[in-house]
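Computed over heavy atoms, backbone and side chain alike; hydrogens, waters and symmetry mates excluded. Within every chain, numbering begins at 1; the chains are lettered A, B, ... in the order of the sequence lines, protein sequences first and strands thereafter.
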Number of protein chains: 2
Amino acid sequence: MCQIRSNSRMGDMADSTGRGGPPAEFTPYFALLEASALVQHGVEAQLRESGDLSFVQFQILAMLSEDAGGTQTMTAIADRLVHSRSGLTYQVQQLEKRGLLTRGPSAEDERSTVVALTGSGTALIQRVLPGHMAVVREILLDALDAGDGAELTRLLEKVRQHMRARPPRSATRARPRG
Amino acid sequence: MCQIRSNSRMGDMADSTGRGGPPAEFTPYFALLEASALVQHGVEAQLRESGDLSFVQFQILAMLSEDAGGTQTMTAIADRLVHSRSGLTYQVQQLEKRGLLTRGPSAEDERSTVVALTGSGTALIQRVLPGHMAVVREILLDALDAGDGAELTRLLEKVRQHMRARPPRSATRARPRG
DNA sequence: TCAGCGTGTTTCGAATTCGAAGAGTAGGCC
DNA sequence: GGCCTACTCTTCGAATTCGAAACACGCTGA
């Protein structure tokens, strides 16, 4: 399991072009990517061991388990995860093979596929969840006191809203008019 | 390009097991992963358009261009990126095919492979870099004022050091005896 | 010198990912 | 009704990723 070691020298990137640029400005960029990668790796190991789930699979099951009904359309799931539609189709198929969820037609919109958690799926996610949360605490939250956690959330929320506001660059490109 | 939509309800995960757990505690976790994914997607699109590079490939070239000599061993690169050794071998091969870098034996340690940037590689990274930094500013840094950026860096640095301090969970497993 | 272990890298097979293309439904407009 | 655009999902092929195993070198100790 390899990981980003340090980002201090990455800040010198600006030197390559302008020689003496403001590298400090980009430190949050590298820090963000590195921290995220480290967290995700740590979490993946635990999920694999405890429930033979990839992080993506866990996210799908966890998202379904949030709602009482435990049903979502493919699009609703894809919009919240970082995977392509085709990639989601693949993973949902895998989970369906294992009997953790089912797929069926939607009553409201016949184009849609409704994904629903099964009893096995519910049981698995509930079995995995405590350990998952423990690992998240261990590798991430323990590094922060309450104030830091709130501050980090506030900053990342700003970032999220900023990025959500701009077009995804490759989805639903600017309509010809209006 | 699909992305995580919201994380507010993911916080209810705790309800699935304990019913009424402290979901707010885990908000930084989801916010971190989501923000990172959004940033990375935005950056990838630009790199693909401007230099036909994946994010990983860009990272490799950028890391090499940091040092004046422009040489690194495979392990040194892998330790700083989030890819397996085998994955790094693959990507370095791709870049070598394009003439952006070369591989050769190390004088100091004959087990090592030394990766060096070529003139083409240097030219490419310097051509791509300004646009890359512009996109990073646009999608990430513009969301933060100077103080926020510094604060975010401080928090992520805490997280990084915390995570770097613990064993990677699957590398160099606990030795049989001290 | 030889065995044995740790380290550095690549090869190999399998799993996962994406984008583009295809099939089908929804809704607006004539 | 018929057409056209938008939306939903899946299939397909290609690229990328990983872990385990293989391979090679370096060091230590007998």
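- Between the side chains of B/S36 and A/S36, a donor-acceptor pair is found at a separation under 3.5 Å.
- Straight-line distance from the CG atom of B/D52 to the C1' atom of C/dC18: 15 Å, rounded to whole Å.
- Dashed line: the shortest gap from a side-chain N or O of B/H83 to OP1 or OP2 of D/dC18 is under 4.0 Å.
- The shortest distance between side-chain heavy atoms of A/V43 and A/I139 falls below 4.5 Å.
- Rounded to an integer number of Å, the gap from B/E44 CD to D/dA15 P is 17 Å.
- Atom pair A/F55:CZ and C/dT17:C1' shows a separation of 16 Å (rounding to whole Å applied).
- With a 4.5 Å cut-off on side-chain heavy atoms, B/L64 and B/T122 do not count as touching.
- Using a 4.0 Å heavy-atom criterion, one finds that B/S54 contacts no nucleic acid atom at all.
- With contacts defined as side-chain heavy-atom distances shorter than 4.5 Å, the pair A/T73/A/V115 does not qualify.
- The aromatic rings of A/F55 and B/Y29 sit perpendicular, their planes meeting at an angle over 60°, well past the 30° parallel limit.
- For A/T102, the side chain to side chain contact (heavy atoms under 4.5 Å, CB included) criterion is met by A/A116, A/T118, not counting sequence neighbours.
- At least one side-chain heavy atom of B/Q57 sits less than 4.5 Å from a side-chain heavy atom of B/R98.
- Side chains of B/L100 and B/I125 form no contact here, defined as non-hydrogen atoms less than 4.5 Å apart.
- Taking atom CD1 on A/I77 and atom P on D/dT10, their separation rounds to 10 Å, with Å as the unit.
- The nearest whole Å value for the distance from the CD atom in A/E49 to the C1' atom in D/dG19 is 14 Å.
- In this structure, B/Q59 places its CD atom 14 Å from C1' of D/dT17, rounding to the nearest Å.
- Between D/dA15 and B/Q91, no contact under 4.0 Å exists linking OP1 or OP2 to a side-chain N or O.
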Please list each protein N or O that sits under 3.5 Å from an N or O in nucleotides 10-12 of chain C, with the distance.
residue : atom : partner : partner atom : Å
C/dT10  : OP1  : B/R103  : NH1          : 2.7
C/dT10  : OP2  : B/T89   : OG1          : 3.0
C/dT11  : OP2  : B/Q93   : NE2          : 3.0

* For A/E151 and A/R154, run salt bridge (Lys or Arg N to Asp or Glu O under 4.0 Å): C-alpha distance rounded to whole Å, both residues' side-chain angles, the deciding distance at 0.1 Å, then the answer. => CA-CA 5 Å; A/E151 181 70 359; A/R154 182 184 72 81; 2.9 Å; yes
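- The interatomic distance linking A/Q94 (CD) with C/dA14 (C1') rounds to 12 Å, in whole Å.
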Listed pairs, N/O of protein and of nucleotides 23-29 of chain C, under 3.5 Å:
residue : atom : partner : partner atom : Å
C/dA26  : OP1  : A/E110  : N            : 3.4

